[in-house]
Amino acid sequence: MKIKFAILLITIGFFSCSKTEKTILEAKSPNSEVAISFNINNEGRPFYTVQFNNKTVVDTSYLGFEFKDAPAFNKNFIIKSTTASTFNETWQMPWGEQLDVVNHYNELKVELQEKTSPERFLNIVFKVYDDGIGFRYEFPKQARLKGDIFITEEHTEFNLTEDYKTFWIPGDWDIYEHLYNTTKLSEIDALKYANHANLAQTYIPENAVNTPVTMVGSDGTHLSFHEASLVDYSGMTLKVDTENLNLVSNLVGSENTDYKVKRTMPFNTPWRTIQIADNAPDLIESKLIVNLNEPNKLGDVSWFKPMKYTGIWWEMHLGKSSWDYGMTQDMSTWTDGGKSNGTHGANTENVKRFIDFSAKNNMGGVLVEGWNTGWEHWIGFEDREGVFDFVTPYPDYDIDEVVRYGKEKGVDIIMHHETSAATETYNKQQDTAYALMQKYGMHTVKSGYVGKILPKGEYHHGQYMVNNYNNAAIKAAKYEVAVNAHEPIKATGLRRTYPNIISREGLRGQEFNAWATDGGNPPEHLPIVAFTRMLSGPIDFTPGIFNIKFDEYKKDNQVNTTIAQQLALYVVIYSPVQMAADLVEHYEANPEPLQFIKDVGVDWETTKVLNGEVGDYVTIARKERGTGNWFVGGITDEKARTVDLTFDFLDENQEYEVVIYKDGENAHWDNNPLDISIEKIEIKKDSKLSVKLAEGGGFAISLKKK
């Protein structure tokens, strides 16, 4: 129910400034701990401030736009009118971290008009929640501004009041797959600290950061900056002024245009968001990003079932097999594409082996990469348009038989569409490719966009590709297909509006541990990711590697965690699709830790973050939908530590069958990663437990109702 009112939300004051009266507008969160103030200065420049617990955390920050062939939208404004309202609802996620989501905010809408010609209109809408704020620009229908609008830059400022400890990746226009850096805000240097395994595939034009970027203040204030509902617009990076501790929006552009965004009047921008808390766990529990998106437009999506899955994937990263039907095992030379080299992974027999394993071990699907023709020329070639065929399998992959066998065993086949960033090829074939999936009853596709975007001059995070990613998912829904995108645009909560957008990559994933020349993801990586990238939405991280060292394949690479942490990731790093990523033989050799992957849920009724500090450690408990079973996961960085747990979230007078999987006494992510202790313990609602985590370690607990 939405209620309009003016007295409770807006505080209007008048003061003399250069003989001109100014109006100060303020809106507070429902609990009054978060507040925004809005005003215009003597030049008519609009600005806002943000207060948290009566302390200014974002000081005078100006707002505006620059246009192609039109005067800038940044000054000479007057406040034409204001509207205040409140909104409070509880909506349900069809799948997600929790079932019920409270969407409670107070809103302030400010309508501005230029006081000089051409006297155009601009609205700014603020929504103030207990866990932060979102605001966006609205370009209303008007005679003075119509037709197509060409935005050359958006100037949204976040002027900070402290040199925050900041967790960030560079503002790369092409890829998010960088390690996170931890520096003071004043020490951010995007080019110096850019640490991607292949910088030749990235573009970092400014000293900017990608979002979400998370900060921790000296008094424990936690801030995370991002955006919500990114639709028909360029992705936003944040340019950093290290001297003045200021962030300003820097939209991703294109080499093909002299503007960054083209929109047709009227329109709204994405929401600019600040998640605010006085502790780290509350950042993860925040639902600000999804709440700022529109409600479900697809209706019933019960055809998508959250699941665990296995697949033809990790073996290619190890070099055991290849994606390509005619590629040599070391992928350094080429053989005749008409004849298999014997290392092609996506063959019928191999896929059936994964189906058998999945059926036996409570895995709902099998991902098959490298099944379709085109992999001989998918990357490293200047012209990749027309390379992939998304309906034609290689000769050794009998798709009819594989699907039939999977259905017999109760296991779905997960389709794979690697576009090689050749967008026009994919766009032309999408309907045919999705129709093939619909024919076979396949409801999940993993898409990939590796390489430089074609057409040339476009970037992964610009408006052209934002529309490509979104349109692919919207079209997929018509065929009852859910999309798990890799090399994606950032998550901005659109999973609420289009709940067939189920997961995505958008970070340095598990595969970097298999081949990165920089040593792979360090132990601190995921304790940072949980408080940065994961705030934006689900992550297809592909956990569950048991063969940590894999020396028989690659002596210079390994996974930089303990095996206990690999189990914990099924709870800590959220996704409605969770891969058991290792090879079948490595699971079959380790049935005891495999039991946790068999048991762990993937769709949750409730999520509680029990403790954590950004970049150090985190412990999360989740209650499975339908069963009422709980699962707990905890991970740490390169430092060993002991965490204390209470279990007051459990049901009263309920007994649970409890198994804890934790680091062994001598466990260490590098020296002894396979040392694991598994034991049955007694836990009730009033229980307390201390768990020791090794360096780079973790623990997982299953609590199944008796």
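- A salt bridge is absent between Glu114 and Arg144: the closest approach of a Lys/Arg side-chain nitrogen to an acidic carboxylate oxygen does not fall below 4.0 angstrom.
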Exercise. Walk me through it: do Glu505 and Leu507 pass the test side-chain contact (heavy atoms from CB on, under 4.5 Å)?
Key: CA-CA 6 Å; Glu505 190 184 37; Leu507 82 167; 4.2 Å; yes
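- Tyr464 and Thr423 form a side-chain donor-acceptor contact under 3.5 Å, judged by distance and modelled atom types alone.
- Using modelled atom types, one finds a donor on one side chain and an acceptor on the other under 3.5 Å when comparing Thr264 with Asp148.
- Using cut-offs of 30° and 60° for the angle between ring planes, the His525 and Phe541 rings count as tilted.
- Residues satisfying the side chain to side chain donor-acceptor pair (under 3.5 Å) test with Asn268, not counting sequence neighbours, are none.
- Checked options Lys262, Gln463, Glu154; the residue passing with Tyr233 is Glu154 (criterion: side chain to side chain donor-acceptor pair (under 3.5 Å)).
- Summarising the geometry, atom CD belonging to Glu138 is positioned 4.5 Å from atom NZ belonging to Lys109; distances are rounded to the nearest 0.5 Å.
- Using a distance-only test at 3.5 Å, with no hydrogens or angles considered, a donor-acceptor pair links the side chain of Glu385 to the main chain of Thr425.
- Using a cut-off of 4.0 Å between Lys/Arg side-chain N and Asp/Glu carboxylate O, Asp431 and Lys475 are scored as salt-bridged.
- Below 30°, between 30° and 60°, or above 60°: for Phe65 and Tyr137 the angle between ring planes is above 60°, a perpendicular geometry.
- In terms of modelled atom types and a separation under 3.5 Å, the side chain of Glu119 and the main chain of Gln113 share no donor-acceptor contact.
- Taking the six-membered ring where the residue is Trp, the centroids of Phe531 and Phe167 are separated by 6.0 Å or more.
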Quiz prompt | Verdict with supporting geometry, Arg272 and Glu227, salt bridge (charged side-chain N to carboxylate O under 4.0 Å, His left out) | solution = CA-CA 5 Å; Arg272 280 60 189 100; Glu227 57 183 319; 3.0 Å; yes
Quiz item: Hey, mind stepping through Met93 and Arg495 against side-chain contact (heavy atoms from CB on, under 4.5 Å) and telling me if it holds?
Solution: CA-CA 9 Å; Met93 289 183 162; Arg495 59 183 169 129; 4.1 Å; yes
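- Side-chain atoms of Ser575 and Ile539, non-hydrogen and from C-beta on, never get closer than 4.5 Å to each other.
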Quiz prompt | Intermediate values then yes/no, ring-ring contact (aromatic ring centres under 6.0 Å, His included), His461 and Tyr176 | solution = CA-CA 10 Å; His461 308 154; Tyr176 304 115; 3.9 Å; yes
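- In terms of modelled atom types and a separation under 3.5 Å, the side chain of Ser249 and the main chain of Thr156 share a donor-acceptor contact.
- Considering CG of Asn296 and CG of Asn293, their distance stands at 11.5 Å, rounded to 0.5 Å.
- Relative orientation of the Phe67 and Phe139 rings is perpendicular, given thresholds of 30° and 60° on the angle between their planes.
- For Ser81 and Glu111, the side-chain atoms include at least one donor-acceptor pair closer than 3.5 Å.
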Self-check item: CA sep, side-chain torsions, deciding dist, call: His104, Asp130, side-chain hydrogen bond (donor to acceptor under 3.5 Å, both in side chains)
Solution: CA-CA 8 Å; His104 189 193; Asp130 291 345; 5.5 Å; no
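- When only modelled atom types and interatomic distance are considered, Asp163 and Ser186 share a side-chain donor-acceptor pair under 3.5 Å.
- The side chain to side chain donor-acceptor pair (under 3.5 Å) check on Tyr164 picks up nothing, with sequence neighbours excluded.
- In this structure the side chain of Leu223 reaches within 4.5 angstrom of the side chain of Leu160, judged on heavy atoms.
- Judged by distance alone, with hydrogens and angles left aside, the side-chain atoms of Thr161 form a donor-acceptor pair with the main-chain N or O of Thr56 at under 3.5 Å.
- The side-chain heavy atoms of Leu251 and Glu153, taken from C-beta on, include a pair separated by under 4.5 Å.
- Panel note: side chain Asn159, backbone Ser61; no donor-acceptor pair is recorded below 3.5 Å.
- Residues passing the side chain to side chain contact (heavy atoms under 4.5 Å, CB included) test with Asn103 are Phe87, Glu89, Trp91, Tyr105, Tyr129, Asn291, Arg496, sequence neighbours excluded.
- Judged by distance alone, the side chains of Asn74 and His155 never bring a donor and an acceptor atom under 3.5 Å apart.
- Once rounded to the nearest 0.5 Å, the distance linking CG of Asn470 with CD1 of Ile501 reads 6.0 Å.
- A donor-acceptor pair under 3.5 Å links the side-chain atoms of Asp172 to the main chain of Tyr203, judged by distance alone.
- For the 3.5 Å distance criterion, the side chains of Gln51 and Thr49 qualify, holding a donor opposite an acceptor.
- Counting heavy atoms of neighbouring residues, nucleotides and ligands inside a 6.0 Å radius, atom CD of Glu187 exceeds 12 of them.
- Residues satisfying the side chain to side chain contact (heavy atoms under 4.5 Å, CB included) criterion with Pro94, sequence neighbours excluded, are Val301, Pro499.
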Practice problem: Verify side-chain contact (heavy atoms from CB on, under 4.5 Å) between Met437 and Val445, making sure each step is shown before the conclusion. | Solution: CA-CA 9 Å; Met437 292 183 61; Val445 63; 3.8 Å; yes
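- The aromatic rings of Phe126 and Tyr48 sit tilted, their planes meeting at an angle between 30° and 60°.
- In terms of modelled atom types and a separation under 3.5 Å, the side chain of Glu487 and the main chain of Tyr449 share a donor-acceptor contact.
- Residue-environment remark: NZ (Lys478) stays at or below the threshold of 12 foreign heavy atoms within 6.0 Å.
- A donor-acceptor pair under 3.5 Å is absent between the side-chain atoms of Ser234 and the main chain of Val261, judged by distance alone.
- With 3.5 Å as the limit, one finds no donor-acceptor pair spanning the side chains of Thr492 and Trp271.
- Without hydrogens or angle criteria, Asn500 side chain to Val483 main chain gives no donor-acceptor distance under 3.5 Å.
- Residue Gln92 qualifies as enclosed at atom CD: its count of foreign heavy atoms under 6.0 Å is above 12.
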Quiz prompt | Residues Phe388, Thr419; criterion side-chain contact (heavy atoms from CB on, under 4.5 Å); working and verdict | solution = CA-CA 7 Å; Phe388 277 113; Thr419 71; over 6 Å; no
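- Between the Gln142 side chain and the Phe121 main chain, a donor and an acceptor come within less than 3.5 Å of each other.
- Residues that satisfy the side chain to side chain contact (heavy atoms under 4.5 Å, CB included) test with Lys141, not counting sequence neighbours, are Pro266.
- Asp282 and His222 share no donor-acceptor pair across their side chains, judged by distance under 3.5 Å alone.
- Side-chain contact between Phe135 and Leu63 is present, with heavy atoms from C-beta onward closer than 4.5 Å.
- Residues forming a side chain to side chain donor-acceptor pair (under 3.5 Å) with Tyr498 (at least two apart in sequence, or on another chain): none.
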